[in-house]
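Read the structure below first, then the notes.
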Amino acid sequence: MNSYPAVILKKGKESSLERMHPWIFSGAVARTEPEPELGSAVRVLAADKRMLGVGFWEGGSIAVRMISFAERPVNEELFVERLSAAWKMRNELGLTGSEKTNAFRLVHGDGDGIPGLILDWYAGHAVLQAHSYGIYRQAETIASALKQVCGDELKQLYDKSKSTLGGRKLSSLENRYLFAGGEPLTETVIRENGHAFKVNWEEGQKTGFFLDQRDNRAKLAAYAEGRRVLNAFSYSGGFSIYALRAGAEKVVSVDSSGPAMAMLEENLKLNGTLKNHESIKAEVQPFLKERAGEFDLIILDPPAFAKHKSARHQAVQGYKRLNQAAMERLKPGSLLMSFSCSQVVGTELFEGALRAAAIEAGRSISVLERLSQPADHPVNLAQPEGEYLKGLLMRVR
Ligand code: SAH
């Protein structure tokens, strides 16, 4: 590993690494020897040449993402170690080998010590997304390590990395099966808390399914009996099916995506929940203005309104407008389950937006539960930026 290019930091800039934060910003770098290729493994040294660890050269405002604070090679052995630890943790969580749930996030980036790697597990069908050049370059090594760790339980591994990263085009990754035991499949049926969902990783959004809402869907089920439920931004109907099977009086699912509505229809059939359900392909905001008053439980789970800090202010305004439209029309005793998955909008900011929405709507609102991402989407304590999903379950007084 002495062959890895060296990244030498400016004086004093090693302090964030000493707090085990895994990012090095470009302003902290004094020089590189030699200039590393994008995504290649690098050694990181303090100004006094003290070894600080190894990482991936990302070359943007985040210059390096650390994978180890010790001096060690970045090879299959390292990935086997990290993937085994990730698998063991999901096993302790009762997710592997479970009858009720066979889909989960196996690797959540820095929360599992592998910066930039997302690995979702759909009943033996793994789907990878590289969110860093480092992981993009290591995809084949990761595939081989995953085979070692999962053995026959791994049926295939599909690479769903975007073809551009940080504005730069990567060589084509489209429809890349890094590993397939037999003829590659594009979809399967998974179980989540005993409910069935069809997941198609090639055509679906993200890696195919929003695994991060598993615990919150189960929470919703506990409140849904006898209620008239609106599932706004429903995607393939996760919350809708939980509500119907928990005895909701009716459920209306709204999403603007045609393919999402088609998946929802299939999922309703799979679960025998076609009754008391209405699917509507529409924009949520105008729908709320027209019909929100018909419901006594509304779920708002919009896509990230802000992907970058620059869009943060606008995003907060967006959350406020959206929630206000629901709050204005909900009668006393109604519930509102509202989420933000924008990483740059923190919990305080999001709650502030909801507070402002309640004031504008002239409603008194009680917070019943604070909601977050589940344990298979862990956050590295040293890097709070890894927390992204936040929500409140509220009751209108
Ligand atoms: N709650 C879902 C995930 C929602 S993801 C689940 O548990 O699986 C966000 C969804 O919002 C996507 O399906 C997207 O198609 C939809 N969407 C985005 N903008 C929208 C809009 N303005 N109106 C309606 N749906 C929208």
Side-chain angles (χ1 to χ4, degrees), residues 101 103-105 120 122 127 187 189-193 195-201 203-221 224 229-246 248 251-268 270-271 273 277-292 297-307 311 314-315 317-323 325-326 336-343 345 371-374 376-377 388-393:
T101 301
F104 51 87
R105 177 151 293 184
D120 285 344
Y122 297 114
V127 183
E187 60 180 32
V189 174
I190 58 118
R191 284 187 312 280
E192 189 187 85
N193 289 316
H195 310 300
F197 294 99
K198 186 170 265 189
V199 177
N200 184 318
W201 34 90
E203 279 158 29
Q205 298 183 27
K206 293 277 177 77
T207 64
F209 194 64
F210 290 83
L211 292 164
D212 54 1
Q213 290 288 23
R214 181 195 320 108
D215 290 359
N216 298 325
R217 291 185 194 115
K219 277 253 157 77
L220 180 266
V229 179
L230 169 62
N231 182 10
F233 308 95
S234 61
Y235 186 53
S236 61
F239 284 103
S240 305
I241 279 149
Y242 276 65
L244 286 163
R245 292 190 78 186
V251 176
V252 175
S253 305
V254 178
D255 200 288
S256 56
S257 149
M261 292 324 276
M263 282 189 271
L264 162 69
E265 292 304 325
E266 289 203 52
N267 288 332
L268 290 167
L270 275 175
N271 292 281
T273 48
H277 183 269
E278 193 185 339
S279 304
I280 296 179
K281 183 176 170 299
E283 296 283 320
V284 165
Q285 193 86 23
F287 179 89
L288 285 176
K289 294 213 162 104
E290 238 172 78
R291 291 187 53 188
L297 199 177
I298 295 183
I299 302 143
L300 297 176
D301 184 23
F305 282 172
K307 298 232 161 98
Q314 253 191 323
Q317 292 305 316
Y319 290 121
K320 189 187 129 226
R321 268 197 306 276
L322 177 68
N323 283 275
L336 176 60
M337 199 180 217
S338 182
F339 295 98
S340 160
C341 60
S342 302
Q343 182 244 310
V345 176
L371 310 165
S372 172
Q373 58 209 60
D376 56 337
H377 293 60
Y388 69 101
L389 183 63
K390 59 217 64 99
L392 288 185
L393 174 64

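Atoms within each ligand, like the ligands themselves, are counted from 1 in listed order.
At least one N/O-N/O distance between Ser256 and ligand 1 falls below 3.5 Å. At a 3.5 angstrom cut-off on N or O pairs, Ser236 does not count as close to ligand 1. At a 3.5 angstrom cut-off on N or O pairs, Gln213 does not count as close to ligand 1. Between Phe239 and ligand 1, no N or O atom pair is found at a separation short of 3.5 Å.
Among Arg217, Met263, Lys206, Lys281, the residue whose heavy atom lies closest to atom 8 (O) of ligand 1 is Arg217. For atom 16 (C) of ligand 1, the nearest non-hydrogen atom from the set Asn267, Asp255, Leu300, Leu322 comes from Asp255.
The shell of residues lying under 4.0 angstrom from ligand 1, judged by heavy atoms, excludes Gln285. Within the 4.0 Å heavy-atom cutoff, Ala232 does not count among the residues contacting ligand 1.
Note that CG of Leu230 is 7.5 Å distant from CG of Leu300, once rounded to the nearest 0.5 Å.
A salt bridge does not link Lys289 to Glu283: none of the charged nitrogens lies less than 4.0 Å from a carboxylate oxygen. A salt bridge does not link Asp120 with Lys206: every distance from a Lys NZ or Arg NE/NH1/NH2 to an Asp or Glu carboxylate oxygen is 4.0 Å or more.
Thr101 places none of its side-chain heavy atoms less than 4.5 Å from the side chain of Arg191.
Residue, atom and distance of the protein heavy atom nearest to atom 4 (C) of ligand 1 are Phe233 O, 3.2 Å. Nearest non-hydrogen protein atom to atom 18 (C) of ligand 1 is Pro303 CG, 3.5 Å. Given atom 1 (N) of ligand 1, the protein heavy atom at minimum distance is Asp301 OD2, 2.7 Å.
Side chains of Tyr235 and Ser253: a donor-acceptor N/O pair is absent below 3.5 angstrom, by distance only.
Applying the side-chain contact (heavy atoms from CB on, under 4.5 Å) test to Ala315 and every residue at least two apart in sequence or in another chain returns Phe305, Ala306, Tyr319, Val345. For Ala262, there are no side-chain contact (heavy atoms from CB on, under 4.5 Å) partners, not counting sequence neighbours.
Listed by number with element, the atoms of ligand 1 under 4.0 angstrom from any heavy atom of Gln205 are 12 (C), 13 (O), 14 (C), 15 (O).
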